[in-house]
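Down below is the structure, laid out as structure tokens.
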Amino acid sequence: WFEFPQIKYYTNAFIVKDDQVLLGFKKRGFGKGKYNGFGGKVEPGESSLQAAIRELEEESGVVAPLKQAGSFLFYTQGAEWAFHIDIYTASTYEGNITETDEMRPEWFSLGQRLPKGDLALFNERQNTDAPTEAETSEEEHPGVPYENMWETDIVWLPLLFSGKKFIGRADFVQTADKFEPRKWWYGLV
Ligand code: 6OG
């Protein structure tokens, strides 16, 4: 593991609704060109939760009752500080999803959608949370674009989707214009 001089606090929030997750395509700044949740730096005098709610609204236009899903430390060799990132999630939100200067929001499917013909069978087996006709016939969204996200997201995002609280650490190195993961560890809490 690399040694780091200091820690700064950040947030990252994911809306997960109807078997879909809302991600933003980062148009500028740190992590440009990647999909991620919505978040940023915790400002002085603000709690992490307050920052998470504010950043989600600033970057996506929605207000949500966020709950903490996990935390991890992210450090890039030689960087001035390590990111302590509190990860939040919510299954409801208010307001209109809006593209901003920083983020282009997009929905992605968590699982395979049921073909229309299987709906009756599905309803028979499981009478809670059965998708409605409208949901199954609506336009397919692509799956979660892990190949276009921070490389370690694939390790912990599935934990968030299944409601398991996690903690972890990821150490990266920066080569030319690319960040590469060197060592990471994620565990349940
Ligand atoms: P701004 O510069 O936009 O805040 N972030 C990471 N997100 C993931 N998924 N993995 C990482 O490392 C990350 N390192 C930082 C935290 C930066 C935003 O980028 C997130 C903040 O939401 C493997 O203000």
Side-chain angles (χ1 to χ4, degrees), residues 1-2 4-16 21-64 66-90 93 97-106 108 110 143-162 164-175 177-187:
W1 301 103
F2 302 127
F4 51 84
Q6 60 167 326
I7 294 181
K8 290 192 180 178
Y9 291 83
Y10 291 80
T11 67
N12 201 350
F14 295 83
I15 306 287
V16 182
V21 60
L22 185 68
L23 300 175
F25 180 80
K26 191 105 192 264
K27 300 199 287 188
R28 62 161 198 224
F30 190 74
K32 182 182 167 180
K34 293 185 202 293
Y35 284 97
N36 208 338
F38 302 89
K41 204 161 178 277
V42 179
E43 298 293 346
E46 211 180 28
S47 71
S48 153
L49 177 60
Q50 286 167 342
I53 292 170
R54 174 184 54 75
E55 289 280 353
L56 174 66
E57 185 174 14
E58 283 175 9
E59 294 182 357
S60 76
V62 309
V63 175
L66 296 174
K67 297 266 186 291
Q68 195 168 354
S71 290
F72 67 91
L73 201 63
F74 160 62
Y75 186 60
T76 302
Q77 186 180 32
E80 276 178 65
W81 63 85
F83 291 62
H84 173 116
I85 309 174
D86 284 332
I87 309 293
Y88 291 89
T89 189
Y93 65 88
I97 296 167
T98 314
E99 178 168 353
T100 60
D101 285 353
E102 195 163 334
M103 285 287 213
R104 176 164 47 76
E106 227 177 292
F108 295 91
L110 298 193
V144 178
Y146 288 114
E147 65 290 344
N148 205 4
M149 299 173 73
W150 285 99
E151 284 87 341
T152 41
D153 289 8
I154 196 167
V155 184
W156 55 265
L157 250 193
L159 301 175
L160 179 146
F161 296 147
S162 60
K164 292 176 182 146
K165 223 171 169 192
F166 61 90
I167 194 160
R169 174 169 176 178
D171 283 17
F172 279 61
V173 290
Q174 195 177 6
T175 58
D177 210 21
K178 210 171 165 286
F179 289 87
E180 285 175 7
R182 271 298 151 86
K183 195 169 177 178
W184 60 91
W185 171 86
Y186 288 87

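Numbering of ligands and ligand atoms starts at 1, following listing order. Quick caveat, the model's predicted, so the values are computed rather than measured.
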Would you call the rings of [X] and [Y] parallel, tilted or perpendicular if under 30° counts as parallel and over 60° as perpendicular?
X: Phe30; Y: Phe179; answer: perpendicular
X: Tyr35; Y: Phe108; answer: perpendicular
X: Phe172; Y: Phe74; answer: perpendicular

Among protein heavy atoms, which sits nearest to [atom], and what does the distance come to when rounded to 0.1 Å?
atom: atom 9 (N) of ligand 1; value: Asp153 OD1, 2.9 Å
atom: atom 24 (O) of ligand 1; value: Gly40 CA, 3.4 Å
atom: atom 14 (N) of ligand 1; value: Phe74 CD2, 3.1 Å
atom: atom 16 (C) of ligand 1; value: Thr11 O, 3.8 Å
atom: atom 7 (N) of ligand 1; value: Asn36 ND2, 2.9 Å
atom: atom 18 (C) of ligand 1; value: Gly39 O, 4.3 Å
atom: atom 13 (C) of ligand 1; value: Ile85 CD1, 3.5 Å
atom: atom 17 (C) of ligand 1; value: Tyr10 CD2, 4.0 Å

Below 4.5 Å, heavy atoms only, C-beta onward: do Trp1 and Trp185 meet side chain to side chain?
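With C-beta onward as the side chain, the pair touches.
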
Out of curiosity, is [X] lining ligand 1, as in a heavy atom under 4.0 Å away?
X: Phe72; value: yes
X: Phe179; value: no
X: Phe14; value: no

Report the part of Phe172 (side chain from C-beta onward, or backbone N, CA, C, O) that has a heavy atom under 4.0 Å from ligand 1; answer both or neither where that applies.
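Within the 4.0 Å criterion, Phe172 contacts ligand 1 through side-chain atoms alone.
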
Candidate list Val155, Asn12, Asn36, Leu157, test side chain to side chain contact (heavy atoms under 4.5 Å, CB included), partner Trp150, passing option:
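Single pass found, and it is Asn36.
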
Minimum heavy-atom separation for [X] and [Y], please, with both atom names.
X: Tyr88; Y: Ala52; result: CD1-CB, 3.5 Å
X: Glu46; Y: Arg54; result: OE2-NE, 2.5 Å
X: Gly39; Y: Glu59; result: O-OE2, 2.8 Å

For atom 1 (P) of ligand 1, tell me which residue out of Lys41, Glu55, Lys26 has the closest non-hydrogen atom.
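Selected option, by shortest heavy-atom distance: Lys26.
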
Side-chain ion pair, Glu99 and Lys27, N-O less than 4.0 Å:
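Counted as a salt bridge, because a side-chain N and a carboxylate O are separated by less than 4.0 Å.
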
Would you say the side chains of Thr11 and Asp86 form a donor-acceptor pair under 3.5 Å?
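Per modelled atom types, Thr11 and Asp86 side chains form no pair under 3.5 Å.
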
Below 3.5 Å, N or O to N or O, backbone or side chain included: is there any such pair between Glu59 and ligand 1?
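It does not: no N or O of Glu59 is found under 3.5 Å from an N or O of ligand 1.
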
Evaluate Trp156 for polar contact with ligand 1, using N/O atom pairs at a separation under 3.5 Å.
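For ligand 1, there is no N or O atom that lies under 3.5 Å from one belonging to Trp156.
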
Give a yes or no on this: more than 12 heavy atoms of other residues, nucleotides or ligands lie within 6.0 Å of atom CD of Glu147.
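Enclosed: over 12 neighbouring heavy atoms sit under 6.0 Å from CD of Glu147.
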
Distance from Thr98 atom OG1 to Arg104 atom CZ, nearest 0.5 Å?
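So the gap between those two atoms works out to 14.5 Å.
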
Which of the ligand 1 atoms, numbered from 1, are nearer than 4.0 Å to a heavy atom of [X]:
X: Phe30; answer: 2 (O), 14 (N), 15 (C)
X: Thr152; answer: 23 (C)
X: Glu102; answer: 3 (O)
X: Phe83; answer: 15 (C)

